[in-house]
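Working notes, beginning with the structure itself.
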Amino acid sequence: MGNVVTDRLLKEREAEGRPIKVGMYGAGFMAKGIVNQIAHSVPGMVLAVICNRNLDKAKAAYEQAGQEWVEVSSVKELAQAIKDGKPAITSDPAILYESDDLDCLIDATGAVEYGADITLGAIAHGRDMVTMNAELDATVGCLLKKKADEAGVIFTATDGDQPGVEMNLYRFVKSIGLTPLMCGNIKGLQDPYRNPTTQEGFAKQWGQDPYMVTSFADGTKISFEQAIVANGTGMSILKRGMTGYDHRGHVDELTSMYDIEALKAVGGAVDYVVGTKPGPGVYVLATHDDPKQKHYLNLYKLGEGPLYSFYTPYHLCHFEVPLSVARVVLLRDPVLQPLGAPLVEVVATAKRDLEAGETIDDLGGYTTYGQCERADVTAQENLLPMGVAVNCVLKHAVPKDKVLTYDDVILPEGRTIDRLREEQAKLFGLGQPVPAE
């Protein structure tokens, strides 16, 4: 839906010789797709520079798209490369957010601490940021959105990933007069005990990172994604971890599986289903109060209600990211942002029995999985957010499936993410996340 106006506006920019100039952080699987997409399928836009800690990956991303690159080590050198029409690579994140030549930045990293630093840099220097980093967004997105607003810039999630696709569908459903009561995500697999060893074969087959693939399989990624949808729509969850029905039928059949009063009681809910057709799409379930319009909805084959099903049968991640950039730069239209205070968070849960002294490994690893919890419960029970958990050291043993608290761990010192969590808690009156001494 993002391209309805932007396709025309991008062609105009192309005709005027004024392409949107984009800088991107990250050169992994998704980032490579974005490079290729902008290079070959998006008129009126150029990917001017890639910043990656490993420069060889940045080089490979451009080479895969058939582009030659130059290495830059200053804002001035980047300006020259842009003038010469040469794509640039760098390992210095500041060069991108300090450059006045770039119209928009993309975070394609999925790394919480690094993502926090570059986003703060972007906001401080007046740069718009389109983020694919749901992990960061679900952890401190509410604070970052407020900081971006104050700086007059846009910090937004992206089209293509499920949250953006859900939000586009949610906006459409609202715009035709219905009241959405559920935003959902269709999954093929959900098993909290998967790990990089079990997912190695699949990761290899698709050229992906085993930890990233595991975060899809063990429910961590979907929890981050549905948390940002909740925070962007004002919805909540029906229970910790979401409902997660296993339903092998069609998505339209979900209209009879949810209690409409329970959905209304929480102000609408985010959820996911496993095995439902058509996967891997998204769905919105909504109501209509007007009997005249219900008659029309029935005529148009949407059934008799009270819940009506709307769905998008696919999400085309990297294909749609440039459309988000165009929406931001050309229309000042964010794809998905928090409305205010956090409503749903993602909490770290033990994947197996954990021992005292163990260090929590990366998202999609061997030690923890994430699940959705209401933000007020997270604050009340001092629960450990999944976006904070990595590299924390356990003070004592924690049994499998227990949700970790701040009291269970020692935080690494001097992290940006912990400072931002404290600031966010203060800002929204959620209670201070303080580990016991």
Side-chain angles (χ1 to χ4, degrees), residues 162-163 165-167 169-174 176-190 192 219 222-298 300-313 339 342-347 349 370-378 380-381 401 403:
Q162 286 105 325
V165 182
E166 284 172 62
M167 194 66 191
L169 186 57
Y170 170 89
R171 282 173 65 172
F172 165 72
V173 170
K174 275 190 86 167
I176 60 168
L178 285 91
T179 304
L181 285 180
M182 170 161 287
C183 287
N185 198 324
I186 300 169
K187 286 203 73 176
L189 165 74
Q190 175 90 352
I222 201 169
S223 300
F224 281 125
E225 292 184 336
Q226 294 309 83
I228 65 176
V229 173
N231 293 336
T233 56
M235 291 186 177
S236 186
I237 49 174
L238 292 168
K239 65 173 196 176
R240 176 180 287 176
M242 300 182 283
T243 315
Y245 286 122
D246 198 299
H247 177 66
R248 303 286 146 171
H250 192 273
V251 66
D252 289 345
E253 293 158 14
L254 297 175
T255 54
S256 61
M257 291 174 67
Y258 288 100
D259 177 345
I260 193 164
E261 295 310 318
L263 292 175
K264 283 180 177 172
V266 296
V270 296
D271 210 345
Y272 70 94
V273 290
V274 180
T276 303
K277 303 288 180 287
V282 306
Y283 57 97
V284 168
L285 305 181
T287 57
H288 209 307
D289 294 332
D290 185 339
K292 301 185 292 297
Q293 299 291 37
K294 285 168 118 167
H295 181 75
Y296 282 106
L297 287 169
N298 200 7
Y300 299 148
K301 305 290 185 280
L302 262 73
E304 294 179 6
L307 279 175
Y308 299 92
S309 160
F310 298 84
Y311 61 91
T312 303
L339 294 171
L343 299 170
V344 174
E345 305 247 47
V346 183
V347 293
T349 313
Q371 31 177 3
C372 283
E373 181 52 281
R374 291 196 341 241
D376 59 331
V377 175
T378 304
Q380 233 167 345
E381 299 182 10
D401 293 324
V403 175

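What you find for Val251 and Pro278 is that their closest heavy atoms are CG1-CD, 3.9 Å. Of all heavy-atom pairs spanning Gly232 and Met167, the tightest one is O-CE, 3.6 Å. Here the closest heavy-atom approach between residue Leu302 and residue Ser309 is recorded as CD2-O, 4.1 Å. The heavy-atom pair separating Ala286 from Pro180 by the smallest distance is CB-CA, 3.7 Å. Among all heavy-atom pairs drawn from Asp289 and Pro291, the shortest one is O-CD, 3.3 Å. Residue Tyr308 comes nearest to Thr255 through the heavy atom pair C-CG2, 4.0 Å, listed as atom of the first residue, atom of the second, then distance.
For the side-chain contact (heavy atoms from CB on, under 4.5 Å) with Pro163, the qualifying choice from Val229, Val282, Val270 is Val229, the only one to do so. Residue Asp290 forms a side-chain hydrogen bond (donor to acceptor under 3.5 Å, both in side chains) with just one option from His288, Gln293, Lys292, and that option is Lys292.
Side chains of Leu297 and Leu178 form a contact here, defined as non-hydrogen atoms less than 4.5 Å apart. Annotation: side chain of Val344 is not in contact with side chain of Gln226 (no heavy-atom distance under 4.5 Å). Between Thr312 and Phe172 there is no side-chain heavy-atom pair separated by less than 4.5 Å. Within the 4.5 Å cutoff, the side chain of Leu238 has heavy atoms near those of the Leu263 side chain. Side-chain contact between Met182 and Leu254 is absent, with no heavy atoms from C-beta onward closer than 4.5 Å. The shortest distance between side-chain heavy atoms of Val274 and Leu189 does not fall below 4.5 Å. Residues Gln371 and Val403 are in side-chain contact: their nearest non-hydrogen atoms beyond the backbone lie under 4.5 Å apart. Between Leu343 and Met235, the closest side-chain pair of non-hydrogen atoms is not below 4.5 Å.
Side chain of Asp271 to main chain of Gly244: a donor-acceptor pair is present (N/O by atom type, distance under 3.5 Å, no hydrogens or angles). With hydrogens and angles ignored, the 3.5 Å screen pairs a side-chain donor or acceptor of Asn231 with a backbone N or O of Ala227. A donor-acceptor pair under 3.5 Å links the side-chain atoms of Ser223 to the main chain of Gly370, judged by distance alone.
More than 12 heavy atoms of other residues, nucleotides or ligands lie within 6.0 Å of NE2 in His250, so this atom counts as buried by the packing criterion.
Distance CG/Leu285 to OH/Tyr258: 7.0 Å, rounded to 0.5 Å. The CG atom of Asp376 lies 9.5 Å from the CD atom of Glu381; values are rounded to the nearest 0.5 Å. In this structure, CD on Glu373 lies 4.5 Å from CZ on Arg240, to the nearest 0.5 angstrom. Distance check, rounded to the nearest 0.5 Å: OG1 of Thr276 to NZ of Lys187 gives 12.5 Å. Note that the CE atom of Met257 and the OG1 atom of Thr243 stand 9.5 Å from one another [nearest 0.5 Å]. Note that the NZ atom of Lys239 and the SG atom of Cys372 stand 12.5 Å from one another [nearest 0.5 Å].
Between the side chains of Tyr272 and Gln190, at least one donor N or O sits under 3.5 Å from an acceptor N or O.
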Check the pair Tyr283, Asp252 against side-chain contact (heavy atoms from CB on, under 4.5 Å), reporting the backbone distance first and the verdict last. CA-CA 9 Å; Tyr283 57 97; Asp252 289 345; over 6 Å; no
Q) Can you check side-chain contact (heavy atoms from CB on, under 4.5 Å) on Ile186 and Lys277, steps first, answer last? A) CA-CA 8 Å; Ile186 300 169; Lys277 303 288 180 287; over 6 Å; no
